[in-house]
Enquirer: 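There's a structure below that I have some questions on.
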Amino acid sequence: MEHTRRNRIVDLLESKEYGSDVLVKGWVRSKRGNKNINFITINDGSIIHNIQIVAEVANFAEEVLKLITTGSCISVTGILTESMGQGQSVEIQARKIEVYGTADPETYPLQKKGHSLEFLREIAHLRPRTNTFGAVLRIRHAMAFAIHKYFNDHGFYYMHAPIITGSDAEGAGAMFRVTTLDEKNPPLLPDGHVDYSQDFFGKETKLTVSGQLEAELGAMALSLVYTFGPTFRAENSNTPRHLAEFWMIEPEMAFYDIHDNMDLAEDFLKYLMQYALDHCIDDLEFLNKMYDNELIGRLKQVIDDKFERLTYTEAVDILKASGQTWEFPVDWGTDLQAEHERYLVEKHFGKPVILTGYPKDIKAFYMKQNDDGRTVRAMDVLFPKIGEIIGGSQREENLEALMQRIHEMNIPERDVWWYLDTRKYGTAPHAGFGLGFERLILFVTGMSNIRDVIPFPRTPKNAEF
Ligand code: 4AD
Ligand code: MG
């Protein structure tokens with residue numbers, strides 16, 4: 001019986017239905033052979049492994065076989081057979097081959113294996129066809145799915161925060177402007193500034209840096225919510241851990257204090273590590289072999305270790321007593337840099353760390369103040385190789401205390417009147433955090449540059465694809 005539906009390679013490689021008719025479609029990874037027989041391996045992205053097609057030269061037109069080169073796309077009908085060759089259990093004896101698209105060997109950029117990650121960034125439109133990016137993209141998908149599953153199973157509602165925002169209150173980073181005004185001839189106010197009242201939204205608008213403030217509004221009605229969307233920061237930070245466009249997961253929980261918040265963050269991260277081990281082991285084994293032979297061990301370690309919890313003040317004492325020389329000197333009141341975070345995690349404790357009780361002057365206006373008058377109930381979760389993977393806090397639910405911070409930090413009340421209303425009407429203790437999705441994927445894949453864990457990275461001077 002002729003198959004009309006395509007078989008995915010992932011299913012065929014596990015199949016024992018030798019002798020059955022199958023139909024596979026995919027991109028050629030290699031072709032070798034002699035004048036009697038051709039061995040063609042193809043991949044369809046359903047799994048890291050390829051399937052081997054065996055084509056007897058006598059059964060096919062020479063012109064057709066000639067078109068089958070690395071990178072071309074073909075459709076193959078044939079019989080699934082047990083493979084005698086090494087490294088694979090099944091192969092396909094081809095009966096019919098159709099070439100969908102050729103790939104000129106003279107110009108196809110992925111002709112050879114083993115390109116550098118830097119080179120692959122320059123051909124981001126083709127790199128999903130490599131083993132590495134296939135693995136990364138499948139893991140990225142699995143983690144996104146697991147995040148939704150975790151929250152759904154724990155009674156959270158997925159809430160969509162706006163991407164275009166008129167509020168600049170969060171102060172999490174420099175923002176990109178969104179406008180439809182004529183760039184050459186914008187309407188001006190008498191003082192020379194651009195008149196945004198004539199812009200599309202009747203006010204100045206930007207791309208959001210975070211969905212938190214809106215998530216808080218949701219939590220004050222649905223109790224448990226989370227956002228999962230793109231966020232944008234226009235900082236000129238060209239580091240292996242920063243993107244100008246990244247995805248963030250921001251749960252927000254009514255009736256949670258900072259300790260509940262830490263418990264949730266730890267449980268959530270461990271769940272995601274376990275999900276990756278349970279569902280992505282082929283890809284993890286590949287990445288473990290090719291890039292980072294401690295990767296799988298590190299994922300297991302995070303699941304087993306109880307995260308170390310300490311205050312910022314205690315951490316600063318440890319750093320000052322460490323005898324290390326730092327690029328950025330550390331003293332109470334300074335923000336911790338990646339080098340400090342990684343020292344605590346990798347050298348001092350040897351496991352993930354959650355820091356709390358940060359100086360209020362280096363944190364956002366909405367964080368709940370401690371009784372000492374100088375620290376806030378912030379929490380940063382620090383991971384090996386990554387540094388900060390989560391930032392969060394208990395929120396200031398007291399209207400007066402919040403107003404005081406807003407004034408101290410010169411945040412115009414007219415920008416946050418709607419946010420303040422939640423403290424005016426039915427305020428409640430609550431907390432939340434933000435997980436950087438690409439930092440998570442960095443950790444789970446063992447890749448070392450954040451540009452290699454998102455399909456099309458947006459970084460300073462780079463928005464080609
Ligand atoms: O610590 P951040 O700035 O916290 C917030 O935005 C809060 N509103 C979160 C909340 O409480 N709901 O960012 C949260 C996380 C960081 O820990 C980091 O993992 C990631 O977002 N992140 C970035 N990831 C990639 N590129 C960047 N430029 C990032 N900036 C932050
Ligand atoms: Mg932070």
Side-chain angles (χ1 to χ4, degrees), residues 140 143 147 151 156 159 161 165 167-176 207-219 224-253 256 258 261-262 264-265 268-269 272 312 335-338 340-341 345 352-356 358-359 362-368 376-383 385-396 419 430-444 447 449-454 457-460 462:
R140 199 178 150 101
M143 289 294 91
I147 286 163
F151 285 125
F156 283 68
M159 183 168 149
T165 175
S167 129
D168 187 9
E170 161 109 24
M175 299 177 89
F176 293 100
L207 293 179
T208 190
V209 293
S210 154
Q212 177 196 323
L213 302 189
E214 292 85 359
E216 284 188 56
L217 311 180
L224 304 175
V225 299
Y226 70 104
T227 71
F228 186 171
T231 50
F232 307 86
R233 299 193 184 176
E235 280 118 321
N236 206 352
S237 36
N238 244 319
T239 83
R241 281 181 303 276
H242 287 88
L243 289 165
E245 174 181 297
F246 64 101
W247 288 65
M248 188 157 40
I249 299 96
E250 296 186 272
E252 193 69 34
M253 297 75 67
Y256 270 48
I258 188 69
N261 206 17
M262 285 192 274
L264 180 73
F268 176 51
L269 287 168
L272 295 177
Y312 167 92
D335 211 354
L336 299 184
Q337 304 292 326
H340 309 128
E341 296 173 341
V345 173
V353 169
I354 311 183
L355 291 186
T356 53
Y358 280 80
I362 58 170
K363 289 292 184 185
F365 75 94
Y366 51 69
M367 294 192 183
K368 175 110 188 128
V376 287
R377 284 183 207 167
M379 65 168 212
D380 278 9
V381 181
L382 313 180
F383 256 40
K385 289 199 67 180
I386 306 293
E388 179 189 338
I389 194 164
I390 278 180
S393 68
Q394 187 174 334
R395 319 306 189 189
E396 184 56 79
Y419 184 76
H430 63 290
F433 61 79
L435 167 66
F437 189 53
E438 285 74 21
R439 300 237 177 129
L440 170 77
I441 306 302
L442 264 183
F443 185 75
V444 174
M447 302 300 284
N449 194 310
I450 201 161
R451 292 165 180 78
D452 299 330
V453 297
I454 185 166
R458 296 288 173 262
T459 50
N462 177 28

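When a ligand or atom number is given, it counts from 1 through the structure's own listing order.
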Enquirer: How close do Gln394 and Ala431 get, counting heavy atoms only, and between which atoms?
Expert: CA-CB, 3.7 Å
Enquirer: Between Thr165 (side chain only) and Ser167 (backbone N and O only), is there a donor and an acceptor less than 3.5 Å apart?
Expert: yes
Enquirer: Locate the shortest heavy-atom distance separating Val225 from Ala215; write the atom from each residue and the value.
Expert: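 Minimum heavy-atom separation between Val225 and Ala215: CG2-O, 3.4 Å.
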Enquirer: With heavy-atom distances below 4.0 Å as the criterion, list the atoms of ligand 1 near Gly392.
Expert: 11 (O)
Enquirer: Within a distance under 4.0 Å of any heavy atom of Arg395, pick out the atoms of ligand 1 and give their elements.
Expert: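 Result: 10 (C), 11 (O), 12 (N).
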Enquirer: Please give me the minimum heavy-atom distance between Leu269 and Leu435, naming the atom from each residue.
Expert: CD2-CD1, 4.1 Å
Enquirer: Should Gly436 be counted as touching ligand 1, given the test is an N or O pair under 3.5 Å?
Expert: yes
Enquirer: Give me the nearest non-hydrogen protein atom to atom 15 (C) of ligand 1 as residue plus atom name, then the distance to 0.1 Å.
Expert: Gly434 O, 3.6 Å
Enquirer: For Arg140 versus Phe437, what's the shortest heavy-atom pair and its separation?
Expert: O-CZ, 3.4 Å
Enquirer: Give the contacting part of Asp380 toward ligand 1: side chain, backbone, both or neither, where contact means a heavy-atom distance below 4.0 Å.
Expert: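 Neither part.
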Enquirer: Identify the closest protein heavy atom to atom 18 (C) of ligand 1: which residue and atom is it, and at what distance?
Expert: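 Nearest neighbour among protein heavy atoms for atom 18 (C) of ligand 1, to 0.1 Å: Arg439 NH1, 3.5 Å.
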Enquirer: Does any N or O atom in Ser210 lie less than 3.5 angstrom from one in ligand 1, N or O only?
Expert: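 In this structure, Ser210 places an N or O atom under 3.5 Å from an N or O of ligand 1.
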Enquirer: Go through the structure and list residues passing side-chain contact (heavy atoms from CB on, under 4.5 Å) with Thr459, not counting sequence neighbours.
Expert: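 Counting only residues at least two positions away or on another chain, Thr459 forms a side-chain contact (heavy atoms from CB on, under 4.5 Å) with Leu243, Arg451, Asn462.
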Enquirer: Mark yes or no for whether Thr356, through its side chain, and Arg377, through its backbone, hold a donor-acceptor pair below 3.5 Å.
Expert: no
Enquirer: Which option out of Phe246, Tyr226, Phe232 puts a heavy atom nearest to atom 22 (N) of ligand 1?
Expert: Phe246
Enquirer: Look at atom 19 (O) of ligand 1 and say which protein heavy atom is nearest, naming residue and atom and giving the distance to 0.1 Å.
Expert: Ile389 O, 2.8 Å
Enquirer: Quick one: salt bridge (charged side-chain N to carboxylate O under 4.0 Å, His left out) pairs with a partner in residues 239-253, sequence neighbours left out?
Expert: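 Counting only pairs at least two positions apart or across chains, the salt bridge (charged side-chain N to carboxylate O under 4.0 Å, His left out) contacts touching residues 239-253 are Glu252-Arg395.
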Enquirer: For Ala161 versus Thr227, what's the shortest heavy-atom pair and its separation?
Expert: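 Heavy-atom minimum between the residues: CB-CG2, 4.2 Å.
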Enquirer: What part of Arg241, side chain, backbone, both or neither, has a heavy atom within less than 4.0 angstrom of ligand 1?
Expert: backbone
Enquirer: What are the two closest heavy atoms between Ala378 and Tyr358, and how far apart are they?
Expert: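 Shortest heavy-atom separation between Ala378 and Tyr358 comes out as CB-CD1, 3.8 Å.
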Enquirer: Classify the contact between Ile390 and ligand 1 as side chain, backbone, both or neither, using a heavy-atom distance cut-off of under 4.0 Å.
Expert: backbone
Enquirer: Could you tell me whether the side chain of Glu388 and the main chain of Ala338 form a donor-acceptor pair under 3.5 Å?
Expert: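 Pair absent, no side-chain N/O of Glu388 close to backbone of Ala338.
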Enquirer: Which heavy atom of the protein is the closest neighbour of atom 14 (C) of ligand 1, given with residue, atom name and distance?
Expert: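 For atom 14 (C) of ligand 1, the nearest protein heavy atom is Met248 SD, 3.4 Å.
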Enquirer: Ligand 1 versus Phe433, non-hydrogen atoms closer than 4.0 Å: side chain, backbone, both, neither?
Expert: backbone
Enquirer: Looking at atom 26 (N) of ligand 1, what's its closest protein heavy atom, distance included?
Expert: Leu243 N, 3.0 Å
Enquirer: Would you mind finding which of Arg233, Glu250, Gln212 brings a heavy atom closest to atom 2 (P) of ligand 1?
Expert: Arg233
Enquirer: When you check the space around the Mg ion (ligand 2), which protein N, O or S atoms turn up under 2.8 Å?
Expert: Glu388 OE2
Enquirer: Closer than 4.0 Å to some heavy atom of Tyr366 - which atoms of ligand 1 meet that?
Expert: 7 (C), 8 (N)
Enquirer: Tell me: protein heavy atom nearest atom 5 (C) of ligand 1, and distance?
Expert: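 Nearest neighbour among protein heavy atoms for atom 5 (C) of ligand 1, to 0.1 Å: Glu170 OE2, 3.7 Å.
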Enquirer: Can a donor-acceptor pair be found, under 3.5 Å and without considering hydrogens, that links the side chain of Asn261 to the backbone of Gly432?
Expert: yes
Enquirer: May I ask whether Gln394 has any heavy atom positioned less than 4.0 angstrom from an atom of ligand 1?
Expert: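 Contact check Gln394 vs ligand 1: negative.
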Enquirer: Would the Phe365 and Tyr419 ring centres measure less than 6.0 Å apart?
Expert: yes
Enquirer: Angle between ring planes, Phe228 versus Trp247, binned at 30° and 60°: parallel, tilted or perpendicular?
Expert: perpendicular
Enquirer: At a 4.0 Å threshold, what atoms of ligand 1 neighbour a non-hydrogen atom of Gly391?
Expert: 1 (O), 9 (C), 10 (C), 11 (O), 17 (O)
Enquirer: side-chain contact (heavy atoms from CB on, under 4.5 Å) with Pro460: which residues, sequence neighbours excluded?
Expert: Asn236, Asn238
Enquirer: Can you report which non-hydrogen protein atom sits closest to atom 16 (C) of ligand 1, along with the distance?
Expert: Glu388 OE2, 3.2 Å
